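Worksheet: the structure to be examined is printed underneath.
Chain naming here is simple, since letters A, B, ... match the order of the sequence lines and numbering starts at 1 in each. Values in this document were obtained by computation on a predicted structure and should not be read as measured data.
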Amino acid sequence: MSTGASGFLERFEGVLGKLPGDSALRAAAAAAFRAAGLPGDSRGRRIEAWKYTSLRAVADATFQREAAPRHEAETILAGLPLLDAPRIVFVDGAWRDDLSAIPAAGFARFAQQPDFGTLTWPDREPMVALNTMLAEDGAVLDVPADHDGGVVQLVSIAASDADFHPRHSVRLGKGARLTLVEVSVGQGTYLLNTVAEIHVAEGATLTHIRLQDEAATAFHVSTAYADVEAGATYDSFTLNLGARLSRTEVHAQLTGKGGAAHLNAAQLLAGSQHADFTSVVGHTAPGCQSRQTVKNVLAGKSRGVFQGKIEVARQAQKTDGYQMNQALLLSPFAEVDSKPELEIFADDVKCSHGATVGELDAEQMFYLRSRGVPEAEARSILVRAFLAEALDAVADETIRARLEAAVEGWWERQAA
Amino acid sequence: MLEIRGLAASINEKPILKGIDLTVPAGEVHAIMGPNGSGKSTLGYVLSGREDYVVTGGTATFNGVDLLTMEPEQRAAAGLFLAFQAPIELPGVNNANFLRTALNAIRRAHGESELDAVQFLKLAKAETKRLAMPDDMLKRNVNVGFSGGEKKRNEVLQMALLRPRLAILDETDSGLDIDALKIVADGVNALRRPEFSALVITHHQRLLDYLVPNRVHVLLHGRIVRSGGPELAKELEKSGYAELIAEAA
Amino acid sequence: MAAVTETLDTVQSVTQSGYKWGFETTIEMDFAPKGLSEDIIRLISTRKEEPEWMLEWRLKAYAAWLKMEEPHWARVDHPPIDYQDLHYYAAPKKKAGPKSLDEVDPELLKMYEKLGIPLKERAILAGVDPDTVEDRQVAVDAVFDSVSVATTFKATLSKAGVIFCPISEAIREHPDLVKQYLGTVVPTGDNFFAALNSAVFTDGSFVYIPKGVRCPMELSTYFRINARNTGQFERTLIIAEAGSHVSYLEGCTAPQRDENQLHAAVVELIAMDDAQIKYSTVQNWYPGDANGKGGIYNFVTKRGACRGARSKISWTQVETGSAITWKYPSCVLHGEDSVGEFYSVAVTNNHQQADTGTKMIHIGKGSRSTIISKGISAGHSNNTYRGLVRMLPGAANARNFTQCDSLLIGDQCGAHTVPYIESRNPTAKVEHEATTSKIADDQLFYCRQRGLSEEDAVSLIVNGFCKDVLKELPMEFAVEAQKLLAVSLEGSVG
């Protein structure tokens with residue numbers, strides 16, 4: 001069995017015509033994927049968007065479809081601190097009715113409604129091309145106009161050493177509201193390669209929380225495209241704790257006047273973890289606002305990557321864009337790479353970004369210690385405070401508490 | 001002489017001035033008083049040519065010349081000076097350089113020779129001294145890091161150097177202590193000559209103790225509702241605008 | 001004071017309209033045939049009377065270049081360059097090398113006079129405040145196309161032990177120094193344009209400051225592209241031995257031309273323990289006309305190595321010219337507590353494209369760097385800051401501070417900021433800030449109310465915006481730079 005890009009392509013040939021949806025679109029995506037290869041693969045082209053993250057390890061890994069999952073999805077699910085809200089559960093990329101408690105309305109499966117949407121760019125993003133080739137299932141969520149969809153949880157559990165390519169679609173009608181909490185966990189060596197297409201219509205608000213706590217040997221790639229219309233808000237927060245290698249990519253387009261996008265994230269890494277948070281905010285309409293706070297806390301030999309681009313089109317006057325990314329290096333072997341980028345074609349704008357990289361503030365450390373706090377504890381207080389600033393962006397207290405608990409769990413794992 | 005007839009102006013299509021009639025003869029100082037939002041600052045901006053303000057009617061001439069068709073810098077060259085209520089900061093632009101550039105632009109417009117750095121510095125230092133300002137005022141960047149009082153004094157310094165024929169002081173007294181207030185008043189008084197006129201926009205009567213106006217006008221809802229001698233200011237100080245507002249309503 | 005006024009007048013007299021330095025001289029040129037080959041490189045080497053090792057060095061670079069591809073990662077667009085359609089060698093005809101100014105072609109001297117270059121030996125006063133004015137002398141190594149035609153102040157400099165000469169002369173007369181350092185900061189195969197330069201460079205400056213010597217004067221070189229279709233490939237090498245100081249000024253103007261001309265210079269700086277090198281540039285090559293026709297392609301590799309402890313390299317640049325600028329003056333901070341600085345103003349107007357910035361590579365403990373970049377875009381231009389700050393594992397307690405500000409004038413231009421921050425040492429600290437804005441309407445109105453025309457107001461505000469960079473320039477450049485900013489932005493408002 002071949003590995004790497006050719007392995008995926010071989011499998012695609014095998015399932016051609018058997019997968020749901022437009023097969024011509026899948027074939028075009030396969031052609032794009034064949035041309036691009038896996039980012040970082042020795043045969044792949046060097047892509048600026050993947051400057052700091054190589055999927056070489058993905059290319060070298062063997063993923064297979066097994067008859068039965070190796071791990072108990074039920075046990076994994078039971079261990080999750082889920083909210084008392086509807087949940088849609090996917091195990092190894094396939095929807096599991098028995099584990100789900102689906103919302104009263106507005107849920108369908110990609111397997112039944114295989115719509116690839118309009119926002120994604122398989123020709124530019126090799127991993128989106130790969131997803132488009134091989135997507136089998138996913139969640140299709142629709143919140144009608146002026147309807148409050150409440151909280152919906154979208155859970156991905158990996159229980160096999162395989163590759164999964166879920167395809168999600170989330171649509172909020174005019175003035176609708178939804179809080180979507182995405183949790184991805186698993187056991188084993190697997191690749192989760194999700195693509196989500198998100199539409200937030202005029203005046204609607206989507207709060208999108210993501211907790212990635214994949215297995216320590218797993219690969220997690222997630223690409224989300226959001227179209228934010230006039231007066232709408234896309235408010236997202238991503239917490240990356242797990243996976244051997246993760247890449248979280250968000251493209252938010254502000255296409256209507258007065259829209260807002262908040263793309264916040266925190267990554268907490270140790271060992272030889274690698275996590276890459278990449279975002280592109282496109283201001284194509286006037287008077288929109290974008291805000292971004294991204295924090296990396298890096299221990300061990302981990303590597304944290306932040307790439308954030310604010311694009312302001314010619315017509316997007318009165319744009320207000322701000323981005324802050326900060327990294328804390330806790331070990332002499334950790335590495336951070338940061339590329340905050342501004343691309344501006346309109347003159348009446350207020351855009352800025354800031355970046356800081358360093359260790360804990362020596363003066364703050366001294367202050368705490370002079371008040372009698374032991375060094376280790378002082379360190380822990382300050383790191384938590386550093387992260388708390390990012391978590392503060394999550395307005396819902398219950399959800400924030402769950403995220404904080406996940407962070408505590410991460411610390412305990414490190415201490416163990 | 002400043003002559004305003006039926007002046008109407010709006011900002012973002014919202015009418016602010018609704019027909020102002022006002023004559024300030026040469027050599028006179030007139031005060032414009034009125035509550036917040038009555039259009040006092042707008043009058044200053046419209047006369048000096050700020051872009052966002054659209055003149056929708058009326059005329060304004062200065063010594064017979066139509067002000068309203070001129071660019072802001074042409075009005076400045078014609079002798080109009082606006083002391084800003086909130087003076088603008090110009091990061092990296094040194095005060096002396098700014099003033100010399102402005103002064104020479106105006107001198108050029110009058111066909112006068114430009115001042116070189118040495119001539120200018122001599123003049124500017126004399127003025128700062130007269131206005132009891134520290135010398136470093138000239139070296140600092142225009143209004144950057146200035147306290148509220150310093151900004152206002154810097155406006156007076158600019159006025160003293162540019163020697164306008166029509167000064168509009170937009171609440172130059174706000175935020176000043178009594179010493180600074182006197183300096184501002186002295187600065188204007190020093191300019192008083194038969195060919196100099198001033199419009200003093202103020203909230204309070206306090207400044208007018210030191211800078212005694214020939215006439216006082218009360219602006220309300222974009223119109224002058226009362227005019228009188230210096231005693232009108234004192235009267236308003238006691239009774240407030242409530243009565244006038246009630247009358248207008 | 002008098003000399004400052006004179007400098008101002010000179011600048012004013014040449015800043016009347018359009019591109020101010022667009023004249024040509026009619027000196028007879030000696031061309032090599034068009035195209036690039038080993039034979040051309042041999043010809044250049046022979047004409048320059050170079051030793052065999054230099055020819056081999058060039059041929060090695062040429063071999064590397066042949067295998068390389070023109071880089072396309074910068075945000076610049078240009079039609080393909082036909083490297084075989086350029087002359088790689090042009091020299092003014094001469095009987096013998098000039099021994100003094102009297103022997104220099106009077107046509108050339110006249111041109112320099114028009115440019116306001118203080119070629120004649122004279123003191124230049126610096127500083128606005130008459131109290132602090134001190135005599136400062138400027139030595140000029142004027143490059144006319146490919147051959148240095150005059151070097152002044154040689155006597156004073158050689159008394160101090162400073163070597164300041166055309167690099168071709170250094171290759172002949174100080175081969176050991178050149179051999180030891182050339183290509184050690186920018187290797188021949190570093191990048192496409194550096195490889196090309198290494199193969200075909202015809203001249204440039206060489207500076208050597210011996211141990212403990214403070215160079216008695218500012219060193220200055222004015223470059224000038226003149227001959228049609230002549231690539232200009234300067235090579236500059238500055239070596240500052242332990243405890244020495246030098247300030248080097250570089251400025252360039254080019255005659256107006258319709259055809260694009262390629263300029264691919266390489267500058268290498270080496271600072272040993274406690275040495276300081278200050279390298280200042282005012283770049284106003286012909287930017288092309290208002291429709292984007294013509295103009296210089298300026299693809300430059302500039303890099304300094306702070307090899308010694310506490311050494312310091314400071315780059316200051318004011319980039320107003322060229323149709324395309326591709327330039328990243330960088331510092332490799334090997335030395336403990338070494339310091340790198342980059343101060344930049346880049347102005348683009350009409351259809352100009354600039355992609356410029358710096359790299360600060362922190363290797364040594366306690367190394368520090370500062371980056372201040374001011375980009376101004378007007379017209380239909382695109383202006384990109386691209387910079388890298390890299391903290392390597394050994395760079396304990398290293399520091400970087402970066403401030404990038406962009407100003408947009410008009411709504412048809414673009415301003416872009418592309419910083420790369422990479423850190424592998426927890427004790428290293430990096431701070432980066434960037435802003436993009438336009439000139440505020442209330443600032444413009446305030447200035448106009450005081451009598452300034454809109455254009456003067458813009459120029460004043462822009463100069464203020466750039467002040468943190470301009471104040472790093474030696475005074476004789478600062479005055480010129482301020483005027484240049486105004487001239488470069490002409491026609492961009494209203």
[X] to [Y] - nearest heavy-atom pair and separation:
X	Y	result
C/Gln449	B/Leu82	OE1-N, 3.0 Å
C/Gly451	B/Ala105	O-CB, 3.3 Å
C/Leu460	B/Asn97	CD1-ND2, 4.0 Å
C/Gln443	B/Glu89	NE2-O, 3.0 Å

Engaged part of [X] at the chain B interface, taking heavy atoms whose separation is under 4.5 Å:
X	result
C/Asp442	both
C/Tyr446	both
C/Cys447	both

Is it the side chain or the backbone of [X] that comes within 4.5 Å of chain C heavy atoms, both, or neither?
X	answer
B/Arg75	neither
B/Leu99	neither
B/Leu90	both
B/Asn141	side chain

Quiz item: Would you say B/Asn12 has more than 12 foreign heavy atoms packed within less than 6.0 Å of its CG?
Solution: no
Quiz item: Take atom NZ in B/Lys125; do more than 12 heavy atoms of anything else shown fall under 6.0 Å from it?
Solution: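 12 or below, so no.
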Quiz prompt | Straight-line distance of B/Gln74 CD to C/Ser453 OG, nearest 0.5 Å | solution =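 Going from CD on B/Gln74 over to OG on C/Ser453, the span is 10.5 Å.
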Quiz item: Looking at B/Leu121, B/Asp116, B/Leu103, B/Thr101, which makes the most heavy-atom pairs under 4.5 Å with chain C?
Solution: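 Most heavy-atom pairs within the cutoff with chain C belong to B/Thr101.
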Quiz prompt | Largest heavy-atom contact set with chain C, pairs under 4.5 Å, which of B/Pro87, B/Ala76, B/Gly92 | solution =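 Highest number of heavy-atom pairs under 4.5 Å: B/Gly92.
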Quiz item: In terms of side-chain heavy atoms, does C/Lys467 have a donor or acceptor partner in B/Asn94 at a distance below 3.5 Å?
Solution: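 The criterion, which ignores hydrogens and geometry beyond distance, is not satisfied for B/Asn94 and C/Lys467.
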Self-check item: Working for side-chain contact (heavy atoms from CB on, under 4.5 Å), residues C/Asp441 and B/Glu51
Solution: CA-CA 9 Å; C/Asp441 289 340; B/Glu51 257 172 41; 5.8 Å; no
Quiz item: Which word best sums up how the rings of B/Tyr45 and C/Phe445 line up, parallel for under 30°, tilted for 30 to 60°, or perpendicular for over 60°?
Solution: perpendicular
Exercise. Check the pair C/Arg448, B/Arg50 against side-chain contact (heavy atoms from CB on, under 4.5 Å), reporting the backbone distance first and the verdict last.
Key: CA-CA 9 Å; C/Arg448 293 178 73 191; B/Arg50 189 163 178 154; over 6 Å; no
